[in-house]
Amino acid sequence: MEGLFITFEGPDGGGKTTQIHKAAVALRAQGYEVVESREPGGTSLAEEVRQLVLSAELPLTNTTQTLLFLAARSEHVDKLLRPAVRAGKIVLCDRFCDSTFVYQGLANGLKLEELSELRQLNAAATEGFMPALTLVLDGRPEVLAKRRDARGVKDRFEIKGLEFQQALRNGFLTLAQAEPTRFAVINAEGSEDEVHAAIMKAILAKLGK
Ligand code: TMP
C-alpha cells in the first residue's frame, strides 16, 4: 500500500517542528509507520546545502538560492521521501515546494500567475513528487514573532523583519486558497494542544478516518 506524504508550511515561529513531532508520536500510537524530515535537509548532502543557503553571511542571488533549495530537494525526494511513501509510510516533512513558491516567489515580488517557471523547475527536481496534504500553520506575524525571537541566531530569512513575515503569511494563504483540496490552514496562534488537535483532524480526514 502507498503511504502518505504530508508537508507542514508557514512563516517562521508557527511551531512546525514541535507539531510534526507530536503528530508523529500520535500516529505511531495508532500503528502507523512515520518518518519525520525537513527541508532543506533530510540527507547528508541536503543538510550541507542547508548550512550554505541559510547562512546570513554568504551573499546569494535569488536564483542561486532557488537552485540550491531544489538541488537539496531532488536528493531528498530520491533518497528518502519517495522510497518511504512507496514503502507505505506516512512522511511528515517540515517545509517543501510551497516554501520555494513563497520565499523565492510570492514574497519575493512574484504574483500567483507568475509562478509557472518555479513550478516547472520544482517538477523537474522532484519528478512530480507532491504532497497529498499540506498544512499551513498560520498566524499573525507579531504573535508568531515572539516565539521566533526566543530562538536565538537568525537565518537569512529571519533577519528580514515583520513586513517580510507578513508577505510570507499572505503568500502561504494565497497558495492555500488556490488549491483547497491539497491545503488545510491551521490556526497556529492557539495552545500547543489546540494546534495539535486541528492537525490530527486534518490528517485523519485525509487518511479516511
Ligand atoms: P526552517 O527549517 O528553520 O524553517 O528554515 C528553513 C528556512 O529556509 C526558512 O526560512 C524558509 C527557507 N526556505 C526557502 O526559502 N525556500 C525553500 O524552498 C525552503 C525549503 C526553505
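We count ligands from 1, going down the list as the structure has it; atoms in each ligand are counted the same way. These values consider heavy atoms only, across backbone and side chains, with no hydrogens, waters or symmetry-generated copies. In this chain, residues are counted from 1 in sequence order.
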Return the closest protein heavy atom for [atom] as residue, atom name and distance.
{"atom": "atom 18 (O) of ligand 1", "value": "T100 OG1, 2.6 Å"}
{"atom": "atom 14 (C) of ligand 1", "value": "F69 CZ, 3.1 Å"}
{"atom": "atom 10 (O) of ligand 1", "value": "F157 CD1, 3.4 Å"}
{"atom": "atom 11 (C) of ligand 1", "value": "Y103 CZ, 3.4 Å"}

Item to check | Element-labelled atoms of ligand 1 that are located less than 4.0 Å from some non-hydrogen atom of K16 | outcome: 4 (O)
Checklist entry - For ligand 1, which atoms sit closer than 4.0 Å to a heavy atom of R73? => result 18 (O), 20 (C)
Item to check | Flag side-chain contact, heavy atom, 4.5 Å: F8 against L137 | outcome: yes
Item to check | Residue pair I186 / D138, side-chain heavy-atom distance below 4.5 Å | outcome: no
Item to check | Under-4.0 Å heavy-atom contact with ligand 1, by part of L54 that carries it | outcome: side chain
Checklist entry - ligand 1 versus Q104, non-hydrogen atoms closer than 4.0 Å: side chain, backbone, both, neither? => result side chain
Checklist entry - Do any pairs count as a side-chain hydrogen bond (donor to acceptor under 3.5 Å, both in side chains) and have a residue in residues 172-182, sequence neighbours left out, and if so which ones? => result D98-R182, T134-R182, E179-R182
Checklist entry - atom 9 (C) of ligand 1: which of R95, H76, K160 has the nearest heavy atom? => result R95
Item to check | Residues E47 and R38 bridged, charged N to O under 4.0 Å | outcome: yes
Item to check | Lys/Arg-Asp/Glu bridge criterion (N-O < 4.0 Å) met for R28, E36 | outcome: yes
Item to check | Residue of the set R73, R50, K16, R95 for which salt bridge (Lys or Arg N to Asp or Glu O under 4.0 Å) holds with E39 | outcome: R73
Next on the checklist: Please determine whether any non-hydrogen atom of R50 lies less than 4.0 Å from an atom of ligand 1.
Outcome noted: yes
Checklist entry - Can any side-chain N or O of S55 pair as donor or acceptor with the backbone N or O of Q51 at less than 3.5 Å? => result no
Next on the checklist: Surrounding CD of E163 (heavy atoms of other residues, nucleotides or ligands, distance under 6.0 Å), is the total greater than 12?
Outcome noted: no
Next on the checklist: Geometry only, no angles: is D94 polar-contacting ligand 1 at N/O separations under 3.5 Å?
Outcome noted: no
